[in-house]
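Since the structure comes first, as structure tokens, the remarks are kept for the end.
The first residue in the sequence is number 1, and the count goes up from there.
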Amino acid sequence: MGKKPFIVGNWKMNLTLSEGIEFAKSLKNSLHGINEILCGICPSFVFLKDICKVLEGSHICVGAQNVHSEKNGAYTGEISALMVKEAGCTHVLIGHSERRHLFGEIDSFINAKIKTALSVNLKPIFCIGETLKEREEGRTEYVVEKQLKDGLLGIDNNHVEGLVIAYEPVWAIGTGKTASPEQANEVHSFIRGFLTDNYGKVIANSVYIQYGGSVKPENTAELISQPEIDGLLVGGASIKLESFLKIIDAASIQ
Ligand code: PEP
């Protein structure tokens with residue numbers, strides 16, 4: 001699609017603050033002068049401010065792994081979109097499958113979070129994907145379409161333009177099972193078709209559709225060379241600098 005691949009690492013609940021800072025410093029040095037690729041990391045909330053400081057002046061963006069749907073209030077233990085924005089983040093993961101399946105997040109809550117993130121100029125990385133059961137029952141397209149419809153309900157065209165959507169089949173996350181490049185591309189094409197039907201071709205083509213699910217250095221080239229895969233959301237393989245750099249390297253030479 002002629003876009004620079006957008007590779008994002010989701011650290012989940014991993015690394016210590018000092019490990020995170022060391023990682024960010026080395027990533028910044030390693031990517032200095034490399035412009036063929038867009039790159040981001042999503043550290044723990046408590047590292048965000050420090051990591052953003054380390055990455056100042058680089059092109060590497062920082063995302064939070066979640067935010068609450070309300071702007072502020074009596075929500076003990078929650079973090080607002082404005083708080084992560086103030087910490088220096090530009091992006092936020094919303095609707096990650098671990099949030100959906102371990103913490104019971106539903107589409108309407110995810111939709112509210114996307115709206116709140118957009119209201120403070122944070123760019124959502126909107127995650128969707130089917131479970132193994134749903135795939136085996138032949139319901140992948142139905143599930144993905146419902147997540148898209150409900151998640152994007154009431155969101156203006158100008159906010160859909162340039163949005164990042166991560167297609168992450170639940171059965172491929174953290175399991176070592178990757179969707180084949182063709183399987184992933186097929187769902188990405190379906191997502192692009194949904195966007196074209198609902199927002200027009202120009203907006204649909206401006207959306208970054210990332211693939212996520214057991215991405216590793218060895219499968220990066222095949223995945224990223226698929227015409228509808230604009231980037232990758234990487235979990236396990238993003239917490240070791242060496243493998244994350246190999247993924248970035250493999251994606252940038254495509
Ligand atoms: C993720 O957390 O978004 C992810 C895709 O994890 P993994 O790469 O470990 O499957």
Side-chain angles (χ1 to χ4, degrees), residues 1-10 37-38 93-101 107 110 114 124-153 155 160-238 247 250-254:
M1 314 264 356
K3 300 188 190 85
K4 291 183 186 183
F6 186 25
I7 312 298
V8 173
N10 172 16
I37 202 137
L38 303 172
L93 299 180
I94 295 185
H96 189 278
S97 82
E98 285 148 20
R99 300 299 317 170
R100 290 176 187 265
H101 296 283
D107 290 323
I110 289 164
I114 294 177
I125 299 177
F126 171 35
C127 305
I128 57 173
E130 81 288 0
T131 62
L132 184 58
K133 186 166 181 285
E134 289 161 345
R135 175 163 280 263
E136 286 174 349
E137 289 171 354
R139 298 199 301 129
T140 298
E141 291 188 354
Y142 170 81
V143 169
V144 164
E145 182 168 5
K146 182 163 177 4
Q147 289 172 337
L148 285 167
K149 265 191 191 152
D150 293 354
L152 298 178
L153 190 72
I155 291 170
V160 177
E161 190 164 2
L163 187 74
V164 185
I165 294 176
Y167 167 61
E168 301 203 298
V170 180
W171 48 273
I173 299 181
T175 58
K177 286 186 200 152
T178 321
S180 70
E182 296 73 25
Q183 271 175 327
N185 196 61
E186 201 180 323
V187 182
H188 282 228
S189 293
F190 177 77
I191 297 169
R192 191 86 62 198
F194 170 90
L195 294 168
T196 307
D197 292 347
N198 288 278
Y199 305 97
K201 215 173 160 58
V202 173
I203 291 181
N205 286 342
S206 74
V207 173
Y208 274 84
I209 310 179
Q210 294 178 322
Y211 167 79
S214 298
V215 172
K216 16 185 199 284
E218 304 79 57
N219 58 25
T220 295
E222 265 195 313
L223 286 163
I224 205 73
S225 59
Q226 293 295 312
E228 294 293 351
I229 299 184
D230 302 319
L232 302 167
L233 181 54
V234 188
S238 75
I247 288 171
S252 32
I253 52 180
Q254 289 309 302

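A pairwise comparison of heavy atoms in Cys127 and Leu233 identifies SG-CD2, 4.0 Å as the closest pair. Thr196 and Ala204 make their closest contact through OG1-CB, 3.3 Å (heavy atoms, listed as atom of the first residue, atom of the second, distance). Closest heavy-atom contact between Gly151 and Ile114: O-CD1, 3.5 Å. Of all non-hydrogen atoms in Thr178 and Lys216, the two that sit nearest each other are OG1-NZ, 3.7 Å. Listed here is the closest heavy atom pair of Leu223 and Ala184: CD2-CB, 4.4 Å. The shortest heavy-atom contact between Ala237 and Ile247 is CB-CD1, 3.7 Å.
Rounding to the nearest 0.5 Å gives a distance of 9.5 Å between CD of Glu141 and OG of Ser189. Atom CD of residue Gln226 and atom OG of residue Ser180 lie 8.0 Å apart, to the nearest 0.5 angstrom. Here CZ of Phe126 is found 5.5 Å from CG of Leu148. Values are rounded to the nearest 0.5 Å. The structure places CD of Glu98 at 6.0 Å from CD1 of Ile173, a figure rounded to the nearest 0.5 Å. Distance check: Ile224 CD1 to Ile7 CD1 gives 4.5 Å after rounding to the nearest 0.5 Å.
No option in Leu93, Ile155, Leu163, Ile165 other than Leu163 meets the side chain to side chain contact (heavy atoms under 4.5 Å, CB included) test with Pro124.
For Ser214 (side chain) and Gly176 (main-chain N/O), a donor-acceptor pair under 3.5 Å exists by modelled atom type. For the pair Asn219 (side chain) and Val215 (backbone), a donor-acceptor distance under 3.5 Å is absent. A donor-acceptor contact shorter than 3.5 Å links the side chain of Thr175 to the backbone of Lys177. Side chain of Tyr211 to main chain of Glu228: no donor-acceptor pair is present (N/O by atom type, distance under 3.5 Å, no hydrogens or angles). At distances below 3.5 Å, not a single donor-acceptor pair connects side-chain atoms of Lys4 with backbone N or O atoms of Ser252. For the pair Ser238 (side chain) and Gly9 (backbone), a donor-acceptor distance under 3.5 Å is absent.
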Test log, rule side chain to side chain contact (heavy atoms under 4.5 Å, CB included), inputs Ile191 and Ile128: CA-CA 10 Å; Ile191 297 169; Ile128 57 173; 3.8 Å; yes
Residues Ile209, Ile229; criterion side chain to side chain contact (heavy atoms under 4.5 Å, CB included); working and verdict: CA-CA 6 Å; Ile209 310 179; Ile229 299 184; over 6 Å; no
I'd like to know whether Gln210 forms a side chain to side chain contact (heavy atoms under 4.5 Å, CB included) with Glu168, so could you lay out the CA-CA distance, the side-chain angles of the two residues, the decisive distance to 0.1 Å, and finally the verdict. CA-CA 8 Å; Gln210 294 178 322; Glu168 301 203 298; over 6 Å; no
Do Ile94 and Ile125 pass the side chain to side chain contact (heavy atoms under 4.5 Å, CB included) test, and can you show the C-alpha distance, the side-chain angles, and the key distance before you say yes or no? CA-CA 6 Å; Ile94 295 185; Ile125 299 177; over 6 Å; no
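Residues Tyr199 and Leu152 are in side-chain contact: their nearest non-hydrogen atoms beyond the backbone lie under 4.5 Å apart. With contacts defined as side-chain heavy-atom distances shorter than 4.5 Å, the pair Leu38/Lys3 does not qualify. Contact of the Pro227 side chain with the Asn185 side chain is registered, since non-hydrogen atoms from C-beta on lie closer than 4.5 Å.
Lys149 has no carboxylate O lying under 4.0 Å from a charged side-chain N of Asp107, or vice versa, which leaves the two without a salt bridge. Of the charged side-chain nitrogens involved, at least one lies within less than 4.0 Å of a carboxylate oxygen, so that Asp230 and Arg192 count as a salt-bridged pair.
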Which donor-acceptor pairs under 3.5 Å do the side chains of residues 129-137 make with protein atoms, sequence neighbours left out?
{"residue": "Glu130", "atom": "OE1", "partner": "Tyr167", "partner atom": "OH", "Å": "2.8"}
{"residue": "Glu130", "atom": "OE2", "partner": "Arg135", "partner atom": "NE", "Å": "2.7"}
{"residue": "Glu130", "atom": "OE2", "partner": "Arg135", "partner atom": "NH2", "Å": "3.3"}
{"residue": "Glu130", "atom": "OE2", "partner": "Tyr167", "partner atom": "OH", "Å": "3.0"}
{"residue": "Glu130", "atom": "OE2", "partner": "Trp171", "partner atom": "NE1", "Å": "2.9"}
{"residue": "Thr131", "atom": "OG1", "partner": "Glu134", "partner atom": "N", "Å": "3.2"}
{"residue": "Thr131", "atom": "OG1", "partner": "Glu134", "partner atom": "OE1", "Å": "3.2"}
{"residue": "Lys133", "atom": "NZ", "partner": "Glu137", "partner atom": "OE2", "Å": "2.9"}
{"residue": "Glu134", "atom": "OE1", "partner": "Thr131", "partner atom": "N", "Å": "2.8"}
{"residue": "Arg135", "atom": "NH2", "partner": "Tyr167", "partner atom": "OH", "Å": "3.4"}
{"residue": "Glu137", "atom": "OE1", "partner": "Arg139", "partner atom": "NE", "Å": "3.1"}

